[in-house]
Amino acid sequence: MLNLLIFVCLLYVGLLFAVAFIAEKAAMRGRGRWLRSAWIYTLSISIYCTAWTFYGAVGYAARSGLEFLTIYIGPSLVMFGWWWVLRKLVRIGRSQRVTSIADLLSSRFGKSNSLAALITFLAVVGTTPYIALQLQSVTLSFEVFAASGQVGESATLGGNTAFWVAVGLALFTIVFGTRNLDVNERHHGVVIAIAVEAIVKLFALLAVGVFVVWGLMGGIGQTFAKIDQSSLAHWSVDNSRWASLTFLSAAAFLCLPRMFQVLVVENEDEAFLETASWAFPLYLLLMSLFVVPIAVVGLDILPSDANPDLFVLTLPLSQGQDSLAILAFLGGFSSATSMVIVASIALSTMVSNHVVMPLFLRVSGNRLSMSGDVRKVILTARRLSIAVILLLGYLYYSLSGGGAALAAIGLVSFTGVVQVLPALIGGIFWRGATRLGALWGVGTGFGIWLYTLFIPSLGLDLGFLMQLMQLGPFEISWLRPQALFGISGLDPLVHAVFWSISLNSLVFVFVSLISFPSPLERLQAVQFVNTFDHAPSPHSWNGRVGQSEELMVMAQRILGSLEAQALFQSEVVKQGGAGYLPEPTPEFLQKLERALAGSVGAATAHAMMGKIMGGLAVSVQDLMAVADETAQMLEYSNRLEMQSDELVRTAGQLRRANDKLTRLSVQKDAFLSQISHELRTPMTSILAFAEILRDGPDLSSDDLNKYAGIIHEESLRLTQLLDDLLDLSVLENGQVTLKISSTAIEPLLQRAALTVGGGAELDKLALRVKLPESCPEIKTDDTRLGQVFINLIANAVKYCEAAAPSLTVTGFQRGRQLVLDFVDNGRGIPKDQQDLIFEKFSRAGDQKAGGAGLGLAICKEIMQRLGGDISYLPGQGGAGFRILLPLDDGRSLKRV
Amino acid sequence: MPQGPVFLERRNYKARRVIDAAHILPLLGIFLWSVPFLWQSIEEPSILISSAGLYVFGVWLLLIISQFVLSWKLRHLPEDVQRSIDVSGSDKAEL
C-alpha cells in the first residue's frame with residue numbers, strides 16, 4: 001500500500017515536472033496563449049488553499065463548527081471588492097514593475113531598502129512556520145498510510161519524509177522558479193503546475209465529499225438530519241472571532257507574499273481580475289461545501305482518538321476506499337507543494353533583491369560595470385535563498401516536534417504577515433503616508449505580534465516565560481502578553497489581532513503626520529496614489545552623452561545581452577537615430593530603471609543607476625531638499641503653465657471661429673448679390689421675351705418657338721435653383737426620408753458619370769475607378785448617394801482646368817467604414833477656401849461656371865444623413881474629396 | 001481643471017452605475033455576513049448549524065452570481081467610459 005502510494009506520488013510529481021516543462025517551452029516559443037488565460041490565473045490564486053485548508057478545515061470544523069468559514073469568507077470579500085483595492089494594486093504592480101510586496105512598499109516609500117529588508121524579515125519569520133506546517137501535513141498523511149499498511153513499512157521512510165519532501169520541493173522550485181531572470185518576474189511553468197494542482201485538490205476534496213454524503217450518509221436530506229443531531233448542531237461562533245478572523249483572512253489574502261506573487265506579480269492582464277472576481281469565490285465555496293459533512297461523519301464513525309485534521313484521509317481508508325484515499329492524499333500533497341513552491345519563490349525574490357543585492361552592491365563598490373555577470377549572482381542568491389527557506393521550514397518542523405493543531409499555526413502566521421496591511425493600504429490611497437510612518441507602524445505591529453502571539457504560541461516550557469505570561473514583565477500586570485492594558489479574558493488571537501493592527505495603524509498614521517518625506521518619496525507617492533491618472537513620470541536622472549555605454553554594460557549584465565540590446569535599440573529607433581546607443585534622455589533612464597527594477601527590485605535598481613549616473617541623481621535630490629518648497633512651486637507653476645496653455649488654445653480657437661464667421665458673412669453678402677443676379681438674369685430674359693410675345697403678334701412660328709424655348713429654358717434654370725434651395729432646407733431640417741437598400745458602389749458611380757456625361761460637357765473628363773476586389777455592398781439610400789456622386793463628378797467637369805482632365809475614384813475599407821476618394825488633376829482649392837467650400841452659397845474663387853454654390857453644401861448634408869461624412873482631402877495634386885460610408889448595416893442611420 | 005458635462009448620455013450614465021454596483025457589492029457582502037452577530041444573542045432554541053450553513057452559503061452563492069453578472073457588464077462597458085475611468089480613477093467621475 002505504501003509502496004503503491006510512493007509510486008503514485010512520484011508519478012504525479014513527474015507529471016507536474018512534465019507539465020511545467022512543456023509550459024515553459026511553449027512560452028519560450030511564444031505559443032503560450034493558453035498560458036495567459038483568466039482561468040489559469042484564477043486557478044493559480046487557489047494556492048490560498050493550502051494543506052491547512054485541505055486537511056485542517058475539517059479538523060477546524062470538528063472543533064469549532066462553522067467558524068472555519070471565516071477563512072474563506074475574507075478572501076471572497078476581497079475578490080468581490082476587487083474594484084477597490086486589487087485593481088489598483090495590479091495596475092501599480094504593472095506600471096512600476098513590482099517584484100514582491102516588499103518591493104512595492106519600498107518603491108512607494110522612496111525606494112527605501114530598510115523598509116524592504118524589514119518586510120522581508122517579517123515575511124520570512126511569518127512564512128517559515130507555515131512551510132513547516134505543509135511539511136508536517138505531508139508527513140502526517142504518509143504516516144496514516146504507513147499505519148494502515150503492514151507493520152514495518154513505515155521504517156522505509158523513517159522520520160525523513162519531511163526532509164525528502166523539502167528536498168524535492170527545493171529542486172522543483174529552483175528548476176522552474178529561477179530558470180530565468182525574467183524582466184516581469186513571471187513563471188509560466190510554475191503557474192501552470194499550480195493550476196493543475198488546484199484542479200487536483202478541488203477534485204479530490206469534492207470526491208471525498210460526494211462519497212461521504214451519498215456513499216455513507218445516503219443523500220442530502222439524511223446529511224442535514226445527521227448534522228443537526230451531531231455535537232456541532234448549534235451555532236456557537238463567537239462574534240469577536242467571526243469578525244476578526246474574517247478580517248484577518250481578508251487581509252492575509254492581500255499581504256501574504258505568495259498571494260501577492262500570484263495576484264499581482266504573475267498577473268498578465270488586468271481583465272483577468274474580472275473573471276477571478278467571481279470564479280475564485282466559487283472555487284472557495286466548492287472547497288468548503290463538504291467540510292462539515294466530512295467532519296460530522298468522521299466524528300461519528302471514527303474512534304474518538306482519531307485526529308480530525310486527517311479525516312479527509314482516514315474516512316475513505318476506514319471504509320476500504322483505497323483509491324479514493326490515494327486521490328485525497330494527492331489533493332493534500334498538491335495543496336502543500338503548491339503553497340511551498342510559490343511561497344519560496346516569493347520569499348527568495350525578496351531575500352535576493354532586498355538583502356543579498358544591497359550587500360553585494362556595497363561590497364562590490366564602484367566596480368559594477370567592470371566584470372562578471374550580475375545575473376549569475378542574483379540567480380545564485382535566489383537558489384540559495386530557496387534552499388535556505390525550505391531548510392528553515394524543515395528545521396522549524398523538526399524542532400517544534402510537529403505538534404499543535406494545524407490551524408493554530410496558520411492563524412499565527414497570518415497575523416504576523418498582516419502587519420503590512422496598514423502601510424500597504426495607506427501607501428496606495430494616502431499621499432501623506434511616509435517611509436518613517438511605515439517603518440514605525442510595521443515595526444510596532446510586528447513587535448506586538450511577536451510578544452502577544454508568536455512567543456506564547458511556541459508553547460516553550462521555560463520558567464521565565466511562564467512567569468511573563470502570568471504576571472507580566474517585571475510583574476507589571478497590564479503588560480501581560482495576553483491581556484494588554486489589563487483587558488483580560490479575550491480570545492488570545494482576537495486580542496493579538498486587535499492590538500497589533502490598531503496600534504500599528506495608529507503609529508503609522510501618527511508618524512506619517514509628523515514626519516517629512518524626501519522629494520523622491522513624494523514623487524513616488526503621487527505615482528502610486530494617482531496611478532490611474534497616467535501622471536507624467538518624475539525625472540530624477542540627468543544623463544550625459546557617453547554614459548550610455550556604461551549603462552548598456554550594466555543592463556546587459558542584469559537583463560541579459562539580448563534583452564538589453566533590444567531595449568536600447570528600440571529606444572534608438574524611437575529617438576530617430578541609428579546603432580545601439582541612445583541618448584540618455586531622462587525618459588529613457590526612467591524606462592531603464594523600471595526594467596532593471598523588474599529584475600532586482602526598485603531599491604537596488606535605483607542604487608545601481610545612481611552608481612553609474614554618478615552624483616547627479618543625488619545632486620538633484622539634494623537640490624530639491626535644500627530648496628524644499630521647489631517641488632511644490634514646480635507643481636504650482638506647472639499647473640499655471642497648463643492653464644495658460646489652455647487659454648492660448650482657447651483664444652486660438654476663438655480667433656479661428658471669428659475669422660470663419662467674418663468670411664461667412666462676406667460669403668453671405670456675396671451670395672445675396674449672386675443669388676439676386678442669378679434670379680435676375682433669367683427673370684430679365686423671361687420678362688423681355690414674354691413682352692415680345694405679347695406685343696408682337698406678327699411673329700413667325702420659328703421665332704415663336706425660339707422665344708418660347710428661351711423662356712422655358714430660363715424657367716428651368718430658375719426652378720433648378722429653387723429646387724436646390726428647397727432640397728437643402730429639407731435636408732437641414734431633417735425632414736428627409738431615406739430609402740435604404742443594398743447598393744453596389746461601382747454601378748452607382750457609372751450611372752452618376754452617365755448622368756453628368758449626358759449633360760453639356762460630355763466625355764471631356766476621363767473617369768478612373770479603383771475599387772477593392774471584394775467591395776462590399778452597403779446599405780444606404782442610393783438616390784441620395786448618387787446625387788453626391790453626380791455633384792462631385794460634375795464639379796470635376798466644371799472646375800478641373802487641366803489640359804486632359806481626369807478624375808480618379810479610389811475606394812478602400814478602413815475598419816467599419818468604406819472610404820472613397822475623388823481626386824482630379826486640376827488646381828485644387830486654395831487653402832484659405834478649404835474650410836468654406838461646404839458652406840452654403842460658397843463658391844471657390846471667381847470661376848467661369850455658374851451655379852449658386854449649393855452643391856457641396858447639399859453633399860455634406862446628405863452624407864451626414866447617411867451616417868457618413870465628406871471632407872476635403874488636401875495635398876492630392878488636385879481637388880480631392882473624401883467620402884466616408886458606414887458599413888454597419890445602416891445602423892448608424894437611425895441615430896440621425 | 002476642464003469641467004466635464006453635467007449630464008451624461010443614458011448609456012454612460014448606466015455604465016457608471018454598473019461601476020457603482022461593483023463598489024457596493026463587497027459592502028453588501030460584509031453586511032449580509034454580519035448577520036450571524038445577531039445569532040449569538042438568541043438563547044433558546046439557538047440557531048441550528050444546518051440553517052446557519054444554508055444562510056452563509058446562500059449569501060455566498062448570491063454574491064457570486066451578482067459578481068458574475070457585474071463582471072459581464074463591466075467587460076462590455078462602452079469604450080469611452082472605460083477610458084474615462086482609467087483616466088480619472090472613477091472617483092472624480094461625473095454623475
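Here is how names work: the chains are called A, B, and so on, in the same order as the sequence lines, proteins then strands, and each is numbered from 1. These figures come from a predicted structure and were not determined experimentally.
By the side chain to side chain contact (heavy atoms under 4.5 Å, CB included) test, A/V529 pairs with A/K88, A/R431, sequence neighbours left out.
To the nearest 0.5 Å, the span separating CH2 on A/W84 from CD1 on B/I24 amounts to 8.5 Å.
Just one of A/L77, A/I73, A/T246 meets the side chain to side chain contact (heavy atoms under 4.5 Å, CB included) condition when paired with B/I30; it is A/L77.
Within the structure, the side chain to side chain donor-acceptor pair (under 3.5 Å) test picks out the following pairs touching residues 52-69 of chain B (sequence neighbours left out): A/S76-B/W60, A/S277-B/Q67.
Heavy atoms closer than 4.5 Å to chain B are found nowhere in A/L273, neither backbone nor side chain. With a threshold of 4.5 angstrom between heavy atoms, A/A243 approaches chain B through its backbone and through its side chain. Of the atoms belonging to A/T70, not a single heavy atom falls under 4.5 Å from chain B. Both the backbone and the side chain of A/S288 have a heavy atom closer than 4.5 Å to some heavy atom of chain B. With a threshold of 4.5 angstrom between heavy atoms, B/L70 does not approach chain A through any atom at all.
Across A/W242, A/F280, A/W82, the residue that shares the most heavy-atom pairs under 4.5 angstrom with chain B is A/W242. When each of A/V292, A/V78, A/I227, A/L284 is scored by its heavy-atom pairs under 4.5 Å with chain B, the top score falls to A/L284. The candidate from B/L63, B/L54, B/V59, B/L27 with the greatest count of non-hydrogen atom pairs under 4.5 Å with chain A is B/L63.
Residues B/F68 and A/L282 form no side-chain contact, since every pair of their non-hydrogen atoms from C-beta on lies 4.5 Å or further apart. Side-chain contact check for A/L69 versus B/F57: some heavy-atom pair is nearer than 4.5 Å.
The shortest non-hydrogen separation linking A/L66 to B/A52 is CD1-CB, 3.8 Å. In terms of heavy-atom proximity, A/L285 sits nearest to B/I64 at CD1-CD1, 3.9 Å.
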